Amino acid sequence: MSDPTQPGRLRLGVNIDHVATLRNARGGALPDPVRAALLAQEAGADGITAHLREDRRHIRDDDIAALMEALALPLNFEMAATEEMQAIALRHRPHAVCIVPERREERTTEGGLEVAREADRLARFIAPLAGAGCRVSLFIAPDPVQIAASARVGAAVVELHTGAWCDLVAEGRQQEAEAEFARLRDGSAQAHALGLEVHAGHGLDFETAAAIAALPELAELNIGHFLIGEAVFMGLGAAIAEMRDRMDAARA
Ligand code: PXP
């Protein structure tokens, strides 16, 4: 069992969106995302992530309220930079708010935020959230321009999008995967040097999580779809515990 207070330990945030996807497929109350979050808490997660999308395709408003009520762990509330979501975040004041780009037609969050292009708007958007005590994180590609802009607009954290790298690994495109991994490595170092806390996530599985866990500047990985899928075969608690072990082994 890993020690949550160990310095330099890489935190594991478990994203429970796809428990809600399964629930919504039948329109009832089961499986319950709050039960999954409590199980993740027991199994070694350091935080819970939930994305309230504009179309409410998985997590719904009442899930956020129930998670805030039930959890001892910090909640990382993922949302688009809209007025509606800002009001919800300010009402609940979760530990962290992760701002992501959102397009209705996408299957999942594709690409990162255009922080440099939207710097003024994002700075104005972030200020009240930070003022309410939320740690604001920006989900971005490992692009030096976006990282530098994130530091300027007042974010405390950047989450580097690992989706492109994971896709290249899965497709066996080794050289391109190595180049993308180098962008993640350099981006982590750049963000850390700018005083940002560095997270990473999207598309990670046991192998890619262990590989990226070796980057020393990373403070947190956020992982969802793979863990919920693996839960079908090995159980959610066991999948999270195995992920935790592999991350700790990579850090050691
Ligand atoms: N981090 C962010 C910002 C995300 O949007 C997502 C997907 O909702 C994840 C992490 C988790 O990605 P996955 O479900 O592919 O593990």
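Side-chain atoms are counted along with the backbone in the values below, which use heavy atoms only and exclude waters and symmetry mates. Just follow the structure's listing: the first ligand is 1, and inside any ligand the first atom is 1. Bear in mind that the values here come from a model prediction, so they are computed numbers and not experimental data.
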Using distance only, find each side-chain donor-acceptor pair of residues 188-199 under 3.5 Å and give its atom names and separation, not counting sequence neighbours.
from: S188; atom 1: OG; to: L184; atom 2: O; distance (Å): 2.8
from: Q190; atom 1: NE2; to: P144; atom 2: O; distance (Å): 3.0
from: E197; atom 1: OE1; to: R135; atom 2: NH2; distance (Å): 2.9
from: E197; atom 1: OE2; to: R11; atom 2: NH2; distance (Å): 2.6
from: E197; atom 1: OE2; to: H199; atom 2: NE2; distance (Å): 2.6

Evaluate [X] for polar contact with ligand 1, using N/O atom pairs at a separation under 3.5 Å.
| X | value |
| --- | --- |
| G203 | yes |
| L204 | no |
| H51 | no |
| N222 | no |

Interfacing atoms of ligand 1 (cut-off 4.0 Å, heavy-atom, [X]):
| X | answer |
| --- | --- |
| H225 | 13 (P), 14 (O), 16 (O) |
| V100 | 3 (C) |
| I223 | 16 (O) |

Hphob cluster co-occupancy, F139 + F77, side-chain heavy atoms under 4.5 angstrom: no
Have a look at ligand 1 and work out which part of E78, if any, has a heavy atom under 4.0 Å from it: side chain, backbone, both or neither.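 The part of E78 near ligand 1 is the side chain, not the backbone.
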Ligand 1 contacted by F139 (non-hydrogen, < 4.0 Å):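 A heavy atom of F139 does come that close to ligand 1.
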Going by an N to O cut-off under 4.0 Å, is there a salt bridge joining D61 and R56? yes
Check this for me: does any side-chain nitrogen of one of R244 and D46 sit under 4.0 Å from a carboxylate oxygen of the other? yes
List the residues meeting side chain to side chain contact (heavy atoms under 4.5 Å, CB included) with V169, not counting sequence neighbours, and say none if there are none.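 W165, A177, T208.
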Would you compute the distance between atom CG of L67 and atom OG1 of T49 and round it to the nearest 0.5 angstrom?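 Reported to 0.5 Å precision, the distance equals 10.5 Å.
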For residues N76 and E78, is any side-chain donor paired with an opposing acceptor at under 3.5 Å?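 Looking only at side-chain atoms, E78 and N76 do not form any donor-acceptor pair under 3.5 Å.
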